[in-house]
Amino acid sequence: MYSILVEKLISALRCLPGVGSRSAQRMAFHLLQRGRNHGLALALALEQAIHKIQHCSLCRNLCETDICHICANPQRDASLLCIVETPSDVIAIEQTANYKGLYFILMGHLSPLDGVGPNEIGIPELLQLVTQKATNEVILATNPTVEGEATAHYIVELLKNNNSNLRCTRIAHGIPMGSELEYIDSNTLGRALADRHEII
Ligand SMILES: [Zn+2]
């Protein structure tokens, strides 16, 4: 149906999440008809990123240096460590401008059926980092999903076994700002009630 190279381009584009054959075809035709310069810039950026971007040797975030700019920043509070699942979570938390500690990125969550165990989510590196930085508090900011909760529990048990004085906290779950109670699902509302805190 397509020429060999068009076919190759379409199937390469399909490796992106959420891109099916129709979208891949539309992207390929767009690049070939009206976006050849953008296509070349994309190819170059992809090649440079794939070859040069690695994982920070401390927090496992993506960067092109051995240590990322957050870990290398002396202004950050090294006694606080926030554990998240993905680099996108770091961006989301950074955008709140409320957190000045360090991060550790699991690059996923525990999922034994998919072959993702403690080593795959970087548990040995995490234990090393907590010791090296003399962390006082670890904030578990994995997603509030079954897998995210299970991963958080696993990590807390491990950390507590290693150092019973380490403070382990979990981000709060609850009502989004600006929303109305009647539209909140009962799981979230129940959790918000259970996790209530004093106002003053
Ligand atoms: Zn880092």
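The figures here come from the full heavy-atom set of this structure, side chains too, leaving out hydrogens, waters and symmetry mates. One-based numbering, in listed order, for ligands and for the atoms of each.
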NZ/Lys160: more than 12 non-hydrogen atoms of other groups inside 6.0 Å: yes
Inter- and intrachain pairs under side-chain hydrogen bond (donor to acceptor under 3.5 Å, both in side chains), touching residues 132-143, at least two apart: Glu85-Asn143, Glu137-Arg167, Glu137-Thr169, Thr142-Arg170
Ile70 and Cys59, any side-chain heavy atoms less than 4.5 Å apart: no
Protein-derived N, O or S atoms lying under 2.8 Å from the Zn ion (ligand 1), waters excluded: 4
Residues forming a ring-ring contact (aromatic ring centres under 6.0 Å, His included) with Phe104, sequence neighbours excluded: none
All pairs passing ring-ring contact (aromatic ring centres under 6.0 Å, His included) where residues 151-200 contributes a residue, at least two apart: none
side-chain contact (heavy atoms from CB on, under 4.5 Å) between His55 and Leu62, intermediate numbers included: CA-CA 5 Å; His55 293 284; Leu62 298 169; 3.5 Å; yes
